[in-house]
Amino acid sequence: MPAASIEDLRDSARRRLPRFVFDFLDGGAGREAGLARNQAAFDRVLFRPRALVDVEPRSLATAFLGRTWAAPVGAAPVGLGNLVWPGAERATATAAVAADIPYVLSTPATTSLEEIAALAPHHAWFQLYVGRSQAIVDDLIDRAEAAGFDVLVVTVDVPAPGRRRRDLRNGFALPFRPSLSLALDLALHPAWSLATLRHGAPRFANLEKYAPPGAGARSLAALMAEQSSGRLDWSLLETIRRRWPRRLVLKGILSADDAVLAKNAGIDAIMVSNHGGRQLDGAPATLDVLPEIRAAVGPDYPLALDGGIRSGEDIVKALALGADFTFVGRPLLYGAASGPTGAADAIAILIAEASGTLAQLGLTGVAAVDGRYVACG
Ligand SMILES: Cc1cc2nc3c(=O)[nH]c(=O)nc-3n(C[C@H](O)[C@H](O)[C@H](O)COP(=O)(O)O)c2cc1C
């Protein structure tokens, strides 16, 4: 049965993935109230459609950060993508290119930034974690520049690793620790297990270079653990701004004050994000803080939002409340876990739904979406 929604793809991913993999993808921090809050915020917003408007032809084309994309949605950075399914990162990047939307590659990705830059030269952005080693940070920035990335996204909401209870309970660790429950989990999900066996365990492809020669998976995992650190502050950001010559985006801003500081620091755009509820359980829903951030930075400053978007209607709601662009994390990976065309299917679903939503509202393009088309309950 073809998937009709992102929820269908999530159900399919849940069936196909070992429990510890699905939980890694699906879970959030603490009691997961923040995860739920992101989605609930969208449900509280209702549309105010206008009728008797000719809505043909329609386009979702959206200008953002120097070029026009086919739709106001992109693939948010997701670490360890190929753990979800071998080849998931390439499949998602390829689907983003085909759909003409941006794809953000994560620092702890399992495909190298050079490989993704070659695959998606005009669509891929690189997301940077500012880890403990400045030498590694500098080298990652230089590699991203050399590979031709146009946009560097610095994630600012991981001053310490998130405490995700599902992962803690599952004993989620790299390399995998053999156990009876892991063996059972793998045996119950043979398609994932065989595919992963065939392709080999996922590797931190961007970080391998910095591991000591001959380092095993354990020391690479330790290296990865050092890629989150609490040392990033505004003065360190200034040095990154000086080193990176192209567009620089901050991801993980939730306060209007920080948004204004970022704008004044020469940051080109902000992604309003709470890391999909994976860091701070009590973080506000991104949609709830969006209007005050928009008011603080003014109408023309580029703002994107992620967190909790599960449909094309959600994308249009985010635009109506002040976003210029949106990103989705889990939805495309639910897709990638569902089958070879799953990432493309997820994008197609979001785009078809967003286009249909414009029609229902009496609109032919995204530029006209504004607060008059929604009511917040
Ligand atoms: C499994 C997983 C891994 C993630 N890894 C990263 C990462 O490496 N870097 C980053 O900036 N954000 C990461 N994120 C956060 C996403 O970029 C994004 O902010 C979040 O998923 C948006 O929420 P959504 O999943 O509800 O769309 C990750 C999210 C998930 C689900």
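Predicted, not measured: the structure shown is a model, and the values here were computed from it. Nothing fancy with the numbering, it's 1 onward along the sequence. Heavy-atom basis, side chains included; hydrogens, waters and symmetry copies ignored. Counting starts at 1 for both ligands and their atoms, in listed order.
- Taking each of Gln127, Gln279, Arg330 in turn, the one with a heavy atom nearest to atom 25 (O) of ligand 1 proves to be Arg330.
- Here Arg246 does not pair with Asp268 in a salt bridge; the nearest charged N to carboxylate O distance is not below 4.0 Å.
- Residue Met271 does not touch ligand 1, judged by heavy-atom distances below 4.0 Å.
- When each atom of ligand 1 is checked for a heavy atom of Gly307 under 4.0 Å away, the hits are 22 (C), 23 (O), 26 (O).
- Interface atoms of ligand 1 facing Gly329, defined by a heavy-atom separation under 4.0 Å, are 21 (O), 24 (P), 25 (O), 27 (O).
- Within ligand 1, the atoms closer than 4.0 Å to a non-hydrogen atom of Asp306 are 18 (C), 19 (O), 22 (C), numbered from 1 in the order shown.
- Using a 4.0 Å cut-off between a side-chain N of Lys or Arg and a carboxylate O of Asp or Glu, Arg330 and Asp26 do not qualify as a salt bridge.
- Nearest to atom 1 (C) of ligand 1 among the protein's heavy atoms is Arg278 NH2, 3.3 Å.
- To the nearest 0.5 angstrom, Ile116 atom CD1 is 10.5 Å from Glu114 atom CD.
- Protein heavy atom at the shortest distance from atom 9 (N) of ligand 1 is Tyr129 OH, 2.9 Å.
- For the atom pair OG1 (Thr326) and CG (Asp306), the distance works out to 8.5 Å, reported to the nearest 0.5 Å.
- What sits closest to atom 12 (N) of ligand 1 on the protein, heavy atoms only, is Lys251 NZ, 3.0 Å.
- Shown are Arg166, Arg163, Arg165, Arg164; of these, the salt bridge (Lys or Arg N to Asp or Glu O under 4.0 Å) with Glu32 is made only by Arg166.
- Side chains of Gln134 and Arg231: a donor on one and an acceptor on the other come within 3.5 Å.
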message: With side-chain hydrogen bond (donor to acceptor under 3.5 Å, both in side chains) as the criterion, how do Ser235 and Asp233 come out once you've worked through the C-alpha distance, each side chain's angles and the decisive distance to 0.1 Å?
response: CA-CA 6 Å; Ser235 79; Asp233 61 11; 3.2 Å; yes
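- With ligand atoms numbered from 1 in the order given, ligand 1 contributes 1 (C) to contacts under 4.0 Å with heavy atoms of Phe24.
- Not a single heavy atom of Gln39 sits under 4.0 Å from any atom of ligand 1.
- Atoms of ligand 1 lying under 4.0 Å from any heavy atom of Ser106, numbered from 1 in the order shown and given with element: 7 (C), 8 (O).
- Using a 4.0 Å cut-off between heavy atoms, Pro108 contacts ligand 1 through its side chain alone, with no backbone atom that close.
- The aromatic rings of Phe172 and Phe24 sit parallel to each other, their planes meeting at less than 30°, with 60° as the upper class boundary.
- Ligand 1 places these atoms under 4.0 Å from at least one heavy atom of Arg310: 24 (P), 25 (O), 26 (O), 27 (O).
- Looking only at heavy atoms of the protein, atom 11 (O) of ligand 1 is closest to Thr155 OG1, 2.7 Å.
- For ligand 1, the atoms lying closer than 4.0 Å to a non-hydrogen atom of Gly308 are 24 (P), 26 (O).
- In this structure, a donor-acceptor pair under 3.5 Å is absent between the side chains of Tyr334 and Asp8.
- For ligand 1, the atoms sitting less than 4.0 Å from at least one non-hydrogen atom of Gly79 are 3 (C), 4 (C), 5 (N), 6 (C), 7 (C), 8 (O), numbered in the order shown with element in parentheses.
- Residue contact annotation: Asn38 has no non-hydrogen atom under 4.0 Å from ligand 1.
- Relative ring orientation between His275 and Tyr129 is described as parallel, the plane-to-plane angle staying below 30° on a 0-90° scale split at 30° and 60°.
- A cation-pi contact links Arg16 to Trp85, judged by a cut-off of 6.0 Å to the six-membered ring centre and 45° from its axis.
- Residue Pro77 holds the heavy atom nearest to atom 28 (C) of ligand 1 of all those in Ala75, Pro77, Ser273.
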